[in-house]
Amino acid sequence: MSLTFESDDLHASLRDETLGSVSFLNEVMRRYPDAISFAPGAPHPTLYDDLDVPGSVNRFVEHLQTERGLSRTMALRALYEYGPSKGLINELVASALAEDVGLSVHPNAIVITVGAQEAMLLVLRALCRSPNDFLAVVEPCYVGMIGAARVLGVPVVPVEGGARGVDVGEIRRATARVRKAGGRTRALYVAPDFANPSGVIMDEVARRELLEAARAEDLVIIEDMAYGFTAPPAARIAPVKAFDGGDRVVSIGTFSKICMPGARVGFAVADQTVSRRFGPTTLLADEMALIKGMTTVNTSPICQALIGGLLLAEGGSLGARARATGARQRSRLSHLLDVLDRELHDSEMRGRVSWNRPDGGFFVRMQLLVEVDGALLEICARAYKVLWTPMRAFFVERGGERELRLSASYLDLSTIDEGVRRLKAFVSSLPR
Ligand SMILES: Cc1ncc(COP(=O)(O)O)c(C=O)c1O
């Protein structure tokens with residue numbers, strides 16, 4: 001007989017809706033393989049067409065030989081053995097950040113992580129000292145961040161996001177609420193560039209106001225840079241960390257959207273100093289690397305070599321690749337918006353459905369007149385063969401009850417056309 005655990009006897013995060021929502025979506029996609037799915041936030045598979053994985057890895061090996069004076073055998077060993085917890089490609093990532101987004105950081109202040117997801121776990125674990133330390137998140141919020149907090153048992157307080165990203169008054173209200181509950185708001189998570197799922201980009205003024213509010217409330221800003229590359233060239237804005245007062249920002253990035261999610265390579269920039277009464281001063285990045293030593297030990301050196309080789313191929317930058325990928329992504333997003341206008345803007349549909357019009361990112365946020373939940377998704381999948389993500393998963397407490405998220409990133413243009421036709425049939429079937 002096998003051993004049985006009571007679910008209530010396992011960690012509370014396992015019963016949390018956030019974790020459940022991701023596995024539910026994957027499970028629905030598996031059960032309806034012929035449905036068109038607007039759910040995945042993954043890049044389009046043509047992104048990999050020109051990737052030469054062995055060539056990239058080899059380029060990085062040659063780089064280790066020339067830059068670090070290693071023999072070929074020793075350079076290969078650096079890829080095959082355990083590696084430093086902080087990472088192998090920190091110099092290359094630092095130069096790409098300076099070149100591509102104007103962020104100057106020392107390589108020592110960077111931790112190379114297993115995707116941005118691990119960076120979220122590490123920064124939260126390092127910053128939150130006790131169960132009274134809260135994470136504030138701008139809502140709607142990427143589920144991976146809420147989920148990371150749940151797994152670590154870090155309490156989360158929502159901050160309502162608006163058309164400009166985040167409002168200073170909302171930050172104050174959230175921190176006051178936490179204080180009243182006897183806690184301290186330790187950090188605020190925000191994705192300033194076409195956030196997943198709101199599609200909002202914060203302008204320079206909003207970024208400055210955010211930093212001012214963070215200073216006034218003594219918060220660390222955790223900035224997620226995942227979708228900055230999708231900004232139209234004229235609309236590109238420097239990361240919050242690059243502004244005055246950016247010393248209280250920990251920036252998180254990923255190579256999943258412009259290189260390959262399967263490589264699982266991301267990073268955190270954590271250049272804050274950590275002092276101790278006895279002993280040497282370190283960087284927050286060093287403390288995060290200590291935690292990483294007890295989680296994933298190090299990010300796969302072979303995967304780092306792949307990303308390092310891609311950076312080297314373009315002279316220590318991903319700028320050209322990011323620009324081309326961003327342009328292709330924008331054309332997919334504007335195609336989705338055009339088809340929605342064409343199919344869902346007629347008199348029969350008026351008042352029954354509405355959506356936002358982001359200039360970048362992967363996502364469109366759609367409002368219906370009915371409750372949008374897993375049960376409705378199931379009906380839509382079975383009867384109309386089209387899938388999307390219920391928005392309520394992106395809210396900490398309440399919100400998004402009548403909304404869904406559409407992703408334009410993973411589908412071909414002709415599949416988007418057919419998907420929207422199916423969506424129209426589904427919306428037409430809903431009660432007014
Ligand atoms: C805002 C945001 N941050 C981070 C990630 C995940 O990045 P990674 O694949 O590097 O874990 C995603 C993926 O969808 C995302 O939307």
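Atoms within a ligand are numbered from 1 in the order they appear, just like the ligands themselves. All of these numbers come straight from a predicted model, not from anything done at the bench.
- Less than 4.0 angstrom separates some heavy atom of S256 from each of these atoms of ligand 1: 8 (P), 9 (O), 10 (O).
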Next item on the list: Tell me, with the steps shown, if D100 and S317 meet side chain to side chain donor-acceptor pair (under 3.5 Å).
Entry: CA-CA 6 Å; D100 299 342; S317 156; 2.6 Å; yes
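- Residues D417 and H335 bring a donor and an acceptor atom of their side chains to less than 3.5 Å of each other.
- Taking 4.0 Å as the cut-off between side-chain N and carboxylate O, R422 and E343 do not count as a salt-bridged pair.
- Taking each of V265, I252, T254 in turn, the one with a heavy atom nearest to atom 10 (O) of ligand 1 proves to be T254.
- Under 4.0 Å from ligand 1, the heavy atoms of Y227 that appear belong solely to its side chain.
- Ligand 1 has no N or O atom lying under 3.5 Å from any N or O atom of G41, backbone or side chain.
- Between R207 and D193 there is a salt bridge, since a side-chain N of the basic residue sits under 4.0 Å from a carboxylate O of the acidic one.
- The side chain of R264, and not its backbone, has at least one atom closer than 4.0 Å to an atom of ligand 1 (non-hydrogen atoms only; side chain from C-beta on).
- Each of L336, D341, L368 was evaluated against W355; a single residue qualifies, D341, per the side chain to side chain contact (heavy atoms under 4.5 Å, CB included) test.
- The heavy-atom pair separating A174 from P158 by the smallest distance is CB-O, 3.9 Å.
- With ligand atoms numbered from 1 in the order given, ligand 1 contributes 11 (O) to contacts under 4.0 Å with heavy atoms of Q117.
- Between the side chains of Q367 and S354, a donor-acceptor pair is found at a separation under 3.5 Å.
- Close to ligand 1: G115, with a non-hydrogen atom less than 4.0 angstrom away.
- With respect to atom 5 (C) of ligand 1, the closest heavy atom belonging to the protein is Y142 OH, 3.4 Å.
- Under 4.0 Å from ligand 1, the heavy atoms of K257 that appear belong solely to its side chain.
- When only modelled atom types and interatomic distance are considered, S251 and E223 share a side-chain donor-acceptor pair under 3.5 Å.
- Of all the atoms in ligand 1, the ones that sit under 4.0 Å from a non-hydrogen atom of D224 are 1 (C), 2 (C), 3 (N), 4 (C).
- The shortest heavy-atom distance from M120 to ligand 1 is under 4.0 Å.
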